[in-house]
Amino acid sequence: MGASVFVPVPDKRVKKAMSLSQMSMWDVSQFYRYFQSISCSATHMTLERFYQEIDEPRNKYGDAIFQVLDINIDKKKRKRKDDDGNNNDNNNDDDDDDTTMITFGEFFHAVTSFNL
C-alpha cells in the first residue's frame, strides 16, 4: 500500500475551496504533497515561488485574485495595522523584508479559484 501523507486539518479556506471544487480529502492531500515539494516550508510559500510554479510573472491581475479571495498579500500593510484596524507606526526591522508568504490554505484556495 502507498505511504500516507499528513495533511493539516482543513482551515476555512480549504473547506470552502473543497466545497466549491467538489474535492475530497484525498485530492487535498495531493495538493499538499505538491505544496510541500515546491515550498521551503511545510506551512508557507513565498508569493514569488507561487508565480514561478504557475509560470506567470507577478502582476496586478494575478494579485487581484488574492484580493478577491480576501488574502492579504501586502506584508507591510498587514504589519502596520493592529487588531482593531488602526495604523501602527512601530517600524520593525522586518519591515524592510519584502518577502510575502502565503499559507497552504491560501495556496489551495487560490489555485482552485484560478481553475474554476
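Taking Thr43 as the reference, Ser41 meet the side chain to side chain donor-acceptor pair (under 3.5 Å) condition, with sequence neighbours excluded. Listed by chain and number, the residues in a salt bridge (charged side-chain N to carboxylate O under 4.0 Å, His left out) with Glu53 are Arg49 (sequence neighbours excluded). By the side chain to side chain donor-acceptor pair (under 3.5 Å) test, Gln67 pairs with no residue at all, sequence neighbours left out.
Distance CZ/Phe66 to OG/Ser113: 9.5 Å, rounded to 0.5 Å. Going from atom OH of Tyr34 over to atom CZ of Phe104 covers 12.5 Å, rounded to the nearest 0.5 Å. We find the CG-OH distance between Asp63 and Tyr51 to be 3.5 Å, quoted to the nearest 0.5 Å. How far CD1 of Ile71 is from CD1 of Ile65: 9.5 Å, rounded to the nearest 0.5 Å. Within the model, atoms OH of Tyr32 and OG of Ser37 stand 11.5 Å from one another, a figure rounded to the nearest 0.5 Å. Note that CE of Met18 and CE of Met25 are 5.5 Å apart. Values are rounded to the nearest 0.5 Å.
Side-chain contact between Phe31 and Val7 is absent, with no heavy atoms from C-beta onward closer than 4.5 Å.
There is a path of hydrophobic side-chain contacts, each under 4.5 Å, that joins Phe107 to Ile54.
Of all heavy-atom pairs spanning Gly105 and Val14, the tightest one is CA-CG2, 3.6 Å. Between Phe35 and His44 the shortest heavy-atom distance is CZ-C, 3.8 Å. Closest approach of Ser21 to Thr112, counting heavy atoms only: OG-CG2, 4.1 Å.
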* Asked: Between Phe108 and Met23, does a side-chain contact (heavy atoms from CB on, under 4.5 Å) hold up when you go through it step by step?
  -> CA-CA 11 Å; Phe108 184 70; Met23 290 191 186; 3.7 Å; yes

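Residue pairs meeting the salt bridge (Lys or Arg N to Asp or Glu O under 4.0 Å) criterion with at least one partner in residues 12-28, sequence neighbours excluded, are absent.
Counted within 6.0 Å of CG on Asp70, heavy atoms from surrounding residues, nucleotides or ligands total 12 or fewer; the atom is thus considered open.
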